[in-house]
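Model, not experiment: these values are computed from the prediction. FYI, side chains are in, hydrogens and waters are out, and symmetry mates aren't considered; it's all heavy atoms of this structure.
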Amino acid sequence: MNLKDPSLLRPAVPVAGQWIEARGSEAHDVTNPATGEVVGRVPSLGAAETREAIEAARKAQAVWAKRTAKDRAGVLKRWYALLMENQDDLGTILTLEQGKPLAEARGEIAYGASFIEWFAEEARRVYGDIIPGHQPDKRILVMKQPVGVVVAITPWNFPNAMITRKAAPAFAAGCGFVLKPALQTPFSAIALAILAERAGLPLELFSIVTGPSRPIGAEMTANPTVRKLTFTGSTEVGAALMSQSAPTVKKLSLELGGNAPFIVFDDADVDAAVEGAIIAKFRNNGQTCVCANRIYVQDGIHDAFAAKLAEVVSKLKVGNGTGGGGRPRAADRRRSRRKGRAAHRRRHRERRQGHARWLPPRPRRHLLRADRSYRSHRRNGGGARRDLRPARADLSLFRRGGCNRQGQRHRVRSRLVFLRQRSVARFPRRRGAGIRHGRRQYRPHLDGRGAVRRHQGLGARARGLALRHRGLPGNQICLPRRHHRRLNRTSNMTARLLSFIANGKRGYGLAKDGGIVDLSARHGGEWRDLRAAVEAGVIDRLIEIGEGLSPDMAESDITFDIPVPSAEKIICVGVNFPDRNAEYKDGQEAPPNPSLFPRFARSFVGHNVPLTRPKASEQLDYEGEIVIVIGKGGRHIAERDALSHVVGLSLCDEGTLRDWVRHAKFNVTQGKNFDGSGSIGPWFVPFTDDEQIADIELTAKVNGELRQSDRTSRMIFSFRKIIHYISTFTTLVPGDMIVTGTPTGAGARLDPPVWLKPGDTVEVSATGLGTLVNGVVDEGAGEAS
């Protein structure tokens with residue numbers, strides 16, 4: 001465990017203004033789901049401590065509510081700033097106790113902090129209303145006041161964001177707040193409280209009670225001081241809380257689990273359907289409110305879908321979210337297998353005797369029909385298809401599992417295939433280490449007996465990847481046991497995020513299937529452009545959203561812009577390939593440090609937009625380069641950590657006016673910054689790991705003729721070195737772009753020199769990044785004379 005601020009991982013909880021340490025047997029161990037190691041201990045509290053916390057919050061709330069909205073907003077803004085300053089530590093703590101990949105954990109921290117930032121602004125805008133009266137001499141005035149003490153119960157799947165989205169509005173309105181986090185993930189909540197106290201929030205205003213759910217929940221719902229309860233979790237628990245809160249007439253905000261069938265018809269794109277199924281089922285280990293809990297496939301596309309699904313799922317990897325090994329020791333695995341076999345025998349013995357109470361009920365006969373036995377299919381090759389069962393026509397897909405509360409039924413008049421788990425319901429005792437899909441990793445969740453928790457989504461690692469669903473009894477899916485192999489991003493799977501101009505308006509989206517998914521139309525209110533999305537840490541989220549959608553427009557309907565048009569800085573590196581350095585003939589084998597110069601965003605155009613040869617010079621040259629897009633800001637970034645600050649990669653034709661480079665005695669800025677003389681694009685692809693950039697082949701062609709060719713493995717200054725060096729003298733911020741240097745072969749080095757002219761076409765390509773294409777026009781060409 002490597003935390004910059006170890007005090008954020010504190011084995012204590014704040015209750016009624018005091019920190020209660022974890023001592024003796026009255027404490028709960030919090031374990032790392034990937035390794036089984038104990039992360040720390042938290043106290044096991046009950047109704048008495050909950051009552052003290054509520055009373056302290058009541059007293060503190062009266063003082064807090066009297067403070068001005070501006071004052072409260074200032075505290076929340078400081079809290080937001082502290083979260084972002086400690087994003088790495090908070091992400092590490094989240095991963096250690098929850099299991100998701102470190103990159104996603106950091107993204108959740110930024111996502112959670114955004115709630116605090118938003119409500120800090122809204123705190124100053126809680127306006128009243130004057131409503132037209134029902135009589136001429138009456139005036140109705142509405143004043144908005146804090147409701148009082150708010151209690152919250154949050155789940156383990158998003159232990160940071162689920163808390164901030166509840167706590168921030170409560171504090172902004174002037175309320176007190178008592179929190180019961182999930183026992184699996186209390187340290188994220190504790191770290192939030194530590195930073196809130198540092199920001200100036202009274203400690204009595206924010207209490208955290210950890211311990212068994214029943215006594216704490218009972219006190220929260222029965223205590224008349226509590227005026228509002230907010231809960232995220234299962235429908236069953238939500239219904240119980242609602243019932244318990246009725247005698248004291250509390251206000252409620254309940255986010256409860258629903259039913260979401262995933263249906264694939266014959267005319268679907270198989271690749272897109274499989275991709276959508278993976279996103280719909282495996283996001284956060286199946287633990288989001290919109291994850292699919294049943295998958296139906298129409299008979300005509302069944303075989304193709306099953307084969308493709310098996311292929312993709314076979315590459316899923318179980319691993320440690322921090323990057324280390326996550327599989328249990330050999331002895332643990334043997335012990336788990338023995339327990340699994342014993343449970344299997346016991347389950348079937350109980351089933352024959354008719355008292356297997358905890359097994360799911362048998363599915364309805366008209367829903368499932370096994371047309372072949374499991375054993376015979378296993379002899380014939382096994383694979384995912386052994387868990388697919390066809391269902392006949394007239395299946396009510398939405399009955400008890402759809403999206404209609406009025407009881408309407410929607411029937412599909414064709415033969416369907418229903419993906420169902422075979423009879424495997426008991427699994428090894430320890431919680432699973434998680435599943436990695438691309439850059440994301442998700443964790444199974446088991447109960448104390450080792451069984452999959454009902455209504456808890458993804459199950460465990462045993463006899464395949466078992467998924468238990470809500471809705472109809474026995475609605476389950478079991479996927480192949482080969483799930484722990486890694487699914488790397490391949491060239492045909494790499495996401496491509498771009499900025500564009502359409503109908504005179506700037507936007508951003510995802511390039512997909514020859515078209516553009518317009519993400520700005522859907523999320524422009526949250527993130528105005530890609531720089532804002534990068535800064536918020538939601539690039540992976542945008543990719544997931546875009547991959548599940550069909551294109552909104554063709555590429556021909558847009559004008560490509562540079563990927564981050566609002567970048568604060570574009571810094572270019574000169575002389576970064578050995579052959580390029582040799583062209584200077586100064587006797588120096590390699591420069592000791594990178595040569596750097598700035599470029600302005602206005603000097604670049606996007607893909608398929610012509611470069612402009614200015615009136616001031618005809619010596620327009622080309623330079624093919626690779627671009628780094630900074631995703632996480634920083635100053636004095638160590639080389640070993642440099643690549644963790646990269647969010648994406650792009651391409652650049654760093655067009656240069658050669659005679660203007662030497663217009664002055666010392667600098668090259670003039671020749672590098674003529675409007676529209678260079679290009680960046682067409683998009684940026686997400687950065688995944690070192691291998692992605694270790695040996696990229698970079699080429700530049702003019703009119704189809706190869707002019708430049710080299711590999712990143714030959715760079716004088718690595719990407720790590722460049723980021724480290726630049727951050728020594730300036731603070732890098734999200735959205736900054738670094739152009740990393742060009743190989744030999746530019747037009748100025750030919751004999752005689754060859755300059756770009758109107759009608760030429762320049763193509764810059766790099767492995768895994770695509771091709772950037774630009775024509776050339778004269779400045780003013782096409783303007784009215």
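- Using a distance-only test at 3.5 Å, with no hydrogens or angles considered, a donor-acceptor pair links the side chain of Thr50 to the main chain of Gly46.
- Remark: Pro155 engages Asn157, Met162, Thr232 in a side-chain contact (heavy atoms from CB on, under 4.5 Å) (not counting sequence neighbours).
- We find the OG1-CG distance between Thr92 and Leu9 to be 10.5 Å, quoted to the nearest 0.5 Å.
- A pairwise comparison of heavy atoms in Ser253 and Lys228 identifies OG-NZ, 2.6 Å as the closest pair.
- Pairs of residues two or more places apart, or lying in two chains, that qualify as side-chain hydrogen bond (donor to acceptor under 3.5 Å, both in side chains) and include a residue from residues 215-224 are Arg51-Glu219, Glu219-Asn223, Thr221-Gln244, Asn223-Thr225.
- Val149 places none of its side-chain heavy atoms less than 4.5 Å from the side chain of Cys175.
- A donor-acceptor pair is defined here as one N or O able to donate and one able to accept, closer than 3.5 Å; no such pair exists between the side chain of Thr210 and the backbone of Val42.
- Residues passing the side chain to side chain donor-acceptor pair (under 3.5 Å) test with Asp518 are Ser520, sequence neighbours excluded.
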Residues Glu104, Asp540; criterion side chain to side chain contact (heavy atoms under 4.5 Å, CB included); working and verdict: CA-CA 8 Å; Glu104 174 150 343; Asp540 283 348; 5.6 Å; no
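- Partners of Ala533 under the side-chain contact (heavy atoms from CB on, under 4.5 Å) rule, at least two apart in sequence or in another chain, are Trp527, Val538, Ile539, Leu542.
- For the ring pair (Phe, Tyr, Trp, His ring centres under 6.0 Å) condition, the pairs that include at least one residue of residues 183-225, sequence neighbours left out, are Phe171-Phe206, Phe177-Phe206.
- The number of heavy atoms from other shown groups lying within 6.0 Å of CD (Gln18) does not exceed 12.
- The line from OG1 of Thr31 to CD of Glu97 is 10.0 Å long, rounded to the nearest 0.5 Å.
- For the side-chain hydrogen bond (donor to acceptor under 3.5 Å, both in side chains) condition, the pairs that include at least one residue of residues 52-68, sequence neighbours left out, are Glu55-Arg58, Arg67-Asp71.
- A distance of 7.5 Å separates OG in Ser188 from CG in Leu90, rounded to the nearest 0.5 Å.
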Test side chain to side chain contact (heavy atoms under 4.5 Å, CB included) applied to Leu192 and Leu83, step by step: CA-CA 8 Å; Leu192 284 171; Leu83 258 67; 3.6 Å; yes
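- Across Pro186 and Pro181, no two heavy atoms sit closer than the pair CA-CG, 4.3 Å.
- Listed by chain and number, the residues in a side-chain contact (heavy atoms from CB on, under 4.5 Å) with Ser213 are Lys180 (sequence neighbours excluded).
- Note that the CG atom of Leu76 and the CG atom of Leu201 stand 7.5 Å from one another [nearest 0.5 Å].
- Minimum heavy-atom separation, Trp79 to Ala167: CH2-CB, 4.3 Å.
- Residues passing the side chain to side chain donor-acceptor pair (under 3.5 Å) test with Ser7 are Asp5, Arg198, sequence neighbours excluded.
- Taken to the nearest 0.5 Å, the CG atom of Asp89 stands 4.5 Å off from the CG atom of Leu3.
- Between the side chain of Lys281 and the backbone N or O of Ala292, at least one donor-acceptor pair lies under 3.5 Å.
- Considering only heavy atoms from C-beta on, Met242 comes within 4.5 Å of Leu254 through its side chain.
- Applying the side chain to side chain contact (heavy atoms under 4.5 Å, CB included) test between Leu96 and each of Val30, Val39, Thr185 identifies Val39 as the sole match.
- Annotation for Gly546 and Val517: closest pair O-CG2, 3.9 Å, computed over non-hydrogen atoms.
- For the pair Arg531 and Pro734, the minimum side-chain heavy-atom distance is 4.5 Å or more.
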Leu195 vs Leu8, side chain to side chain contact (heavy atoms under 4.5 Å, CB included): CA-CA, chis, key distance, verdict: CA-CA 8 Å; Leu195 295 178; Leu8 292 177; 3.7 Å; yes
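- In this structure Asp29 satisfies the side chain to side chain donor-acceptor pair (under 3.5 Å) test together with Arg41, sequence neighbours excluded.
- The number of heavy-atom neighbours closer than 6.0 Å to CZ of Arg528, taken from other residues, nucleotides and ligands shown, is 12 or below.
- In terms of heavy-atom proximity, Asp529 sits nearest to Ser566 at OD2-OG, 2.9 Å.
- Heavy atoms only, all atoms of each residue included: Val534 and Gly735 are closest at CG1-N, 3.9 Å.
- For residues 113-136, the ring pair (Phe, Tyr, Trp, His ring centres under 6.0 Å) pairs, not counting sequence neighbours, are Tyr111-Phe115.
- Every pair tested for ring pair (Phe, Tyr, Trp, His ring centres under 6.0 Å) that includes a residue from residues 213-245 fails, sequence neighbours excluded, so the list is empty.
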Evaluation steps, side chain to side chain contact (heavy atoms under 4.5 Å, CB included), between Val209 and Met220: CA-CA 11 Å; Val209 285; Met220 286 180 165; 4.1 Å; yes
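- Pairs engaging residues 148-171 under the salt bridge (Lys or Arg N to Asp or Glu O under 4.0 Å) rule: Arg165-Glu255 [sequence neighbours left out].
- You'll find the side chain of Ile153 reaches within 4.5 Å of the side chain of Leu241, heavy atoms only.
- Atoms OG and CD1, on Ser44 and Ile20 in that order, are 11.5 Å from each other to the nearest 0.5 Å.
- Residues Arg294 and Phe262 form no side-chain contact, since every pair of their non-hydrogen atoms from C-beta on lies 4.5 Å or further apart.
- Between Glu49 and Pro43 the shortest side-chain heavy-atom distance does not fall below 4.5 Å.
- The shortest distance between side-chain heavy atoms of Ile130 and Arg139 falls below 4.5 Å.
- Counting only distance, with no hydrogens or angles, the side chain of Gln135 and the backbone of Asp137 share no donor-acceptor pair below 3.5 Å.
- You'll find the side chain of Val15 stays beyond 4.5 Å of the side chain of Ile208, heavy atoms only.
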